Structures are given as structure tokens and as C-alpha cells.
Peer 1: 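Below: one structure in C-alpha cells.
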Amino acid sequence: MSTRNEFLLTIQEELEKVKEDGLYREIVDLKEGFINLSSNDYLGLSNHPEILSSFIEGAKKYGISSCSSRLVSGGRDVHRETEDKIASWKGKEGAILFQSGYHANTGVISALSPDEIFSDRLNHASIIDGCRLSKAILSIYEHCDPDSLEGLLKKSKSRKKLIVTESVFSMDGDMAPLKDIVFLKEKYGALLMVDEAHATGVFGRNGSGLCEDMGIQDGVDVSMGTFSKGAGCFGAYIAGDKIIIDLIVNRARSFIFSTAIPPPIVCAISKSIDIMKRERWRAERVLGYGERIRKRMKEIGVDTGMSNTQIVPLIIGDERKTMEVAASLMKMGFFVRGIRYPSVPRGLARIRISPSASHSENEIEFFLSRFEEVWNESGRKG
Ligand SMILES: *Cc1c(COP(=O)(O)O)cnc(C)c1O
């Protein structure tokens, strides 16, 4: 027997441990013919014909790649024009495109270089990684709890304070108490960053997010969102005062040292924004589906936490049982994924349901009746 490298052996042990804990992850490809209830294509725009043709025309005009960072030679007119469109949509002085939400969050938080960051306990991994990269003191406040946030702000002796929160939370589908947070950021002289990844296109009269819906755009210093979810495209943005955008161009390493978002994608984003503003029925439909799912879960006794958006967690709790229920649903032709630690806390495993405006009423109804069967057979027990 050949002696295995010791390092590789530790990797194998690590993976065995993950399997024992019932936390092993595998990539599962989406199959044709499934009803997909785990996509973030909330508005059903990822196949929209107008967006597709903008993408194709963009590819013909500019080619596939940006071929370098914007600061080298990767910028095109369409980047700048789309940024102007985003800025006015978000009611901000300026905006800048990023290759992904992960790039945006890690890039901007580290570029801001705060002394101390006040971060909601359930913020997305890309926010957490941005906080780590910034080397700031990290103060975690309890999820959606302004009192907990104020307690930390009151104690803080830091000069440059940054509060960061999602607007709609990705795993729980609940909303941050943004008005209270804006009040606190003013009271304590902090900057506020809001991640609208799951609200973009879904909330607001023009679909620009929950901050628009709540009328608090002016209280947000760094507004982040993605085009990979509701917009049905790819990429992300930061909108804010011009000095924030200038800082990003000069200091955000994920922006500076990474090839710019491809022009055809930017063409698609630009069209998608027009459609998100114009076709508000898509958001109304998907939010209605969210409400219907919650109502049925309440009837059959499944906990949906504090969800009040298009994202509805069916919180089953136990990791293994959650994966079993998900597997039964997959067998019935529903593409659903069990979500467990470390994406959510241990013991709060769930099936995260995210309907889309592209689903029909019948498909949602069909899912609800089949889920009820599975729940009565296996989920309720044990
Ligand atoms: C998905 C997500 C991101 C990352 O966006 P990508 O474009 O997929 O990299 C950032 N923040 C939140 C809250 C998200 O849910």
C-alpha cells in the first residue's frame, strides 16, 4: 500500500466527520421537468426574451469578456451608462458594478476600513468575510434587534463605526427593522450599509428594494444589491455618495484586481432593470405566493419563522429529517434543497422555499398538497 500524504489523510478524516454529522454537501444538477422551488429567480426573468436579446446583442457588439479590470482597459460605455441608471433607480449620487455580490461585499467592507462593524447575527457569509478582511472589531448584534444594536453602539469607543444588515434575510425571509436602524446610525454617528440581494426587484414602487419601499434611501450610506437573484442575471452593485464610489475604485481589491463584469451581462442587467420597473405584477405575484405558502403551513403546523416575504423557510429542525423530507419531495418532481448548518444554526434545518413569478397558481397548489402528504407521512413523526 502506498503511504498517503498526511495532509490528504486529514482532509479525508474531515470529510468523514462531515458525513457522520449528516452535513455532507453535494452538488445536485437541476433536471428538466422539475418544478424548481429553490431558485432565486423570484421574478421569472432569467429567460425573459427581451433580456436574452440584450445579452446576445451585447455579446455581438462587445465580445464575451471585459478582458481586464476596469482600471486597466476593461471598461466600456455600457458599464458607465448602466451605473448611471442604477444610481438614479436607487436615488443615489453614484453606483458601481461588481462581478458578484460576493465581490461587492468583501470589496466594499474592506475598502471602507471601519474601526468597528456592527453586524446582524444572521448576515450572509459574504458580509462576514468582508468584515474579516477589514480587520475591524466585530460586534454582532442579535438578529433584527435594535436594542441589542444600541447596546453595542453605546458601549463602543470606536471612531469609524459601520452598521451592516441585509434588508430581506436570505434564509429566514424576514425584514430588518430599517427605520430603527437608520435612527440609531444617526444617533451614534455611524455609517449604514444595507444588502438588498433578496429585495432587489421584489420590493419598492420601482423595484429598487426594501429601502425604497420603506422610504429610507437617504439614511443608507452604502446600498448593495445583486442582479443574480430577482433580476435573473448576474453581478452586483454598490450605490452611494460619489466619495464612496471613488473609494471603491481606489481601494476595493476585488474591484481593482479582478476582471470586470462582462459587457453582455451588463447589457442584460440594464434591460432587466427596465423590466423590473415596468412589470411590477411579477413582484406582486411572487409575494402573493409567499403569503399563500405561509398560510397553508400554519394550517398544517409547520413553522415558517418570521418570514413575511417571497422566501419561506419550512423549519423542520433536525438535520437528517429535513434531508429526508427534501428527498421525498425531490422524488415527486419538486426541486427543493434542505438547508442546514453552517448556512443556518444547528437544529434549525429547513427547506427553504422560494417561489417564482414564473410558477403557475396550479404548480404552487400542487406543491402544497404534496408537501402536506409528505409531512403527514414522515415529517410530523420523530
Ligand atoms: C446571494 C447573496 C450575496 C452574494 O451574491 P452573489 O451575486 O451570488 O455573489 C450577497 N449577499 C446576500 C444577502 C446574498 O443572499
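Just so you know, ligand 1 is whichever comes first in the structure, and atom 1 is the first atom listed for that ligand. Keep in mind the model is a prediction, meaning the values are calculated, not measured.
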Peer 1: Is Glu365 paired with Arg296 through a side-chain N to carboxylate O contact shorter than 4.0 Å?
Peer 2: yes

Peer 1: Counting from 1, what ligand 1 atoms have a heavy atom of Glu166 closer than 4.0 Å?
Peer 2: 13 (C)

Peer 1: I need the atoms of ligand 1 closer than 4.0 Å to a non-hydrogen atom of Ser126, numbered in the order shown.
Peer 2: 10 (C), 11 (N)

Peer 1: Please determine if Gly101 has a nitrogen or oxygen closer than 3.5 Å to a nitrogen or oxygen of ligand 1.
Peer 2: yes

Peer 1: Heavy-atom distances under 4.0 Å are what count here, so tell me which part of Asn40 touches ligand 1: side chain, backbone, both or neither.
Peer 2: neither

Peer 1: Any idea which atoms of ligand 1 are less than 4.0 Å away from a heavy-atom of Asn105?
Peer 2: 10 (C), 11 (N)

Peer 1: Within a distance under 4.0 Å of any heavy atom of Thr226, pick out the atoms of ligand 1 and give their elements.
Peer 2: 5 (O), 7 (O)

Peer 1: Can you name the atoms of ligand 1, numbered from 1 with element, that are less than 4.0 Å from a heavy atom of Ala197?
Peer 2: 11 (N), 12 (C), 13 (C), 14 (C), 15 (O)

Peer 1: Is the Phe367-His359 ring centre distance short of 6.0 angstrom?
Peer 2: no

Peer 1: May I ask you to say whether Lys271 pairs ionically with Glu57, meaning some side-chain N is under 4.0 Å from a carboxylate O?
Peer 2: no

Peer 1: May I ask you to decide whether Asp274 forms a salt bridge with Arg278, counting only side-chain N to carboxylate O separations under 4.0 Å?
Peer 2: no

Peer 1: Start with the C-alpha gap between Gln217 and Ser223, add the side-chain angles, then the distance that decides, and say whether side chain to side chain donor-acceptor pair (under 3.5 Å) holds.
Peer 2: CA-CA 8 Å; Gln217 293 112 306; Ser223 178; over 6 Å; no

Peer 1: Whether Glu20 and Lys17 form a salt bridge (side-chain N of Lys/Arg under 4.0 Å from carboxylate O of Asp/Glu) is what I want to check.
Peer 2: no

Peer 1: So between His124, Lys229, His103, whose heavy atom ends up nearest atom 1 (C) of ligand 1?
Peer 2: Lys229

Peer 1: Within ligand 1, which atoms have a heavy atom of His198 less than 4.0 Å away?
Peer 2: 14 (C), 15 (O)

Peer 1: Please list, in number order, the atoms of ligand 1 under 4.0 Å from a heavy atom of Ser228.
Peer 2: 6 (P), 7 (O), 8 (O)

Peer 1: Would Asp195 count as being in polar contact with ligand 1, using the rule that some N or O on each side must be under 3.5 angstrom apart?
Peer 2: yes

Peer 1: Please identify which atoms of ligand 1 are closer than 4.0 Å to at least one heavy atom of Ser170.
Peer 2: 15 (O)

Peer 1: Tell me, please, which residues at least two apart from Phe203 pass ring pair (Phe, Tyr, Trp, His ring centres under 6.0 Å).
Peer 2: none

Peer 1: Are any of the side-chain nitrogens in Glu116 or Lys161 under 4.0 Å away from the carboxylate oxygens of its partner?
Peer 2: no

